[in-house]
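Below is one structure; the comments refer to it alone.
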Amino acid sequence: MNRSDYQQIIDEIIGEATLALLQQAGPINTRALLEQISKLGEQSDDPERRRYVALAMSEVRESLAEGNKKQRKNSGFTDAESAHHHYANPHQSGSRQKH
């Protein structure tokens, strides 16, 4: 098998997990997708399929990490600045803070 064959199997596993989530009418998010992919692996007796399931989970995680990296890069903030930006309002005086 070449790389495109492996990738097709991984894509089918991700698609199968996504379809299951849609049929369940539950939340559609990365966490739910990873949990559903994991269930597919637990339900399989085939060691090769379990290996592909593990690869599919890795691909989803890598995609998420890549998206987070791009989002931080596009925001113009470093990680430390980003945290400060979200939790501190520079226009609010110390005596007026509610929390």
Side-chain angles (χ1 to χ4, degrees):
M1 259 196 226
N2 61 31
R3 175 140 171 78
S4 65
D5 293 334
Y6 293 130
Q7 189 60 50
Q8 182 175 351
I9 294 169
I10 291 168
D11 290 345
E12 287 174 5
I13 290 170
I14 293 170
E16 186 179 336
T18 303
L19 182 60
L21 290 174
L22 290 169
Q23 290 172 338
Q24 295 169 9
I28 306 292
N29 56 44
T30 306
R31 182 179 178 185
L33 179 60
L34 287 169
E35 288 175 4
Q36 188 62 42
I37 293 172
S38 178
K39 285 180 188 177
L40 293 176
E42 292 168 4
Q43 294 169 353
S44 178
D45 294 331
D46 181 7
E48 189 172 0
R49 174 140 169 109
R50 286 184 178 180
R51 186 171 66 88
Y52 286 121
V53 165
L55 290 171
M57 291 179 70
S58 292
E59 186 169 303
V60 170
R61 287 186 184 114
E62 287 172 14
S63 177
L64 178 63
E66 183 77 20
N68 288 341
K69 221 184 271 187
K70 284 181 183 179
Q71 187 177 20
R72 282 193 303 268
K73 182 180 176 185
N74 291 337
S75 73
F77 292 107
T78 64
D79 288 340
E81 291 171 334
S82 181
H84 179 74
H85 172 75
H86 288 294
Y87 294 107
N89 184 347
H91 302 293
Q92 212 174 29
S93 71
S95 63
R96 296 171 136 195
Q97 289 182 346
K98 294 181 181 180
H99 303 282

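The analysis underlying the following values was restricted to heavy atoms, covering all of them including side chains, and did not include hydrogens, waters or symmetry mates. Residues: numbered from 1 along the sequence shown.
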Q | Heavy-atom closest contact (I10 atom, A56 atom, distance) | A | CG2-CA, 3.7 Å
Q.
Can you list everything that forms a salt bridge (Lys or Arg N to Asp or Glu O under 4.0 Å) with E59? Sequence neighbours excluded, please.
A. none
Q.
R49: which residues meet the side-chain hydrogen bond (donor to acceptor under 3.5 Å, both in side chains) condition with it, sequence neighbours left out?
A. E16
Q: Would you list the pairs meeting salt bridge (charged side-chain N to carboxylate O under 4.0 Å, His left out) in which at least one residue belongs to residues 19-33, sequence neighbours left out?
A: R31-E35
Q: Enter the distance from I13:CD1 to Y52:OH here, rounded to the nearest 0.5 Å.
A: 8.5 Å
Q) Among all residues two or more places apart in sequence or in another chain, which pass the side-chain contact (heavy atoms from CB on, under 4.5 Å) test with A32? A) L21, N29
Q | Under the side-chain contact (heavy atoms from CB on, under 4.5 Å) test, residues paired with L64 that sit two or more places apart | A | T30, N68
(Q) Applying side-chain contact (heavy atoms from CB on, under 4.5 Å), can you list everything that pairs with T18, at least two apart in sequence or on another chain? (A) I14, L22, L33
Q.
Please enumerate all residues that pass salt bridge (Lys or Arg N to Asp or Glu O under 4.0 Å) together with E12, with sequence neighbours excluded.
A. none
Q: To the nearest 0.5 Å, tell me how far S58 OG sits from R61 CZ.
A: 6.5 Å
Contacts under 3.5 angstrom, residues 36-47 side chains, donor-acceptor by atom type, not counting sequence neighbours:
unit_1, atom_1, unit_2, atom_2, d
Q36, OE1, Q24, NE2, 3.3
S44, OG, D46, N, 3.1
D46, OD1, E48, N, 3.1

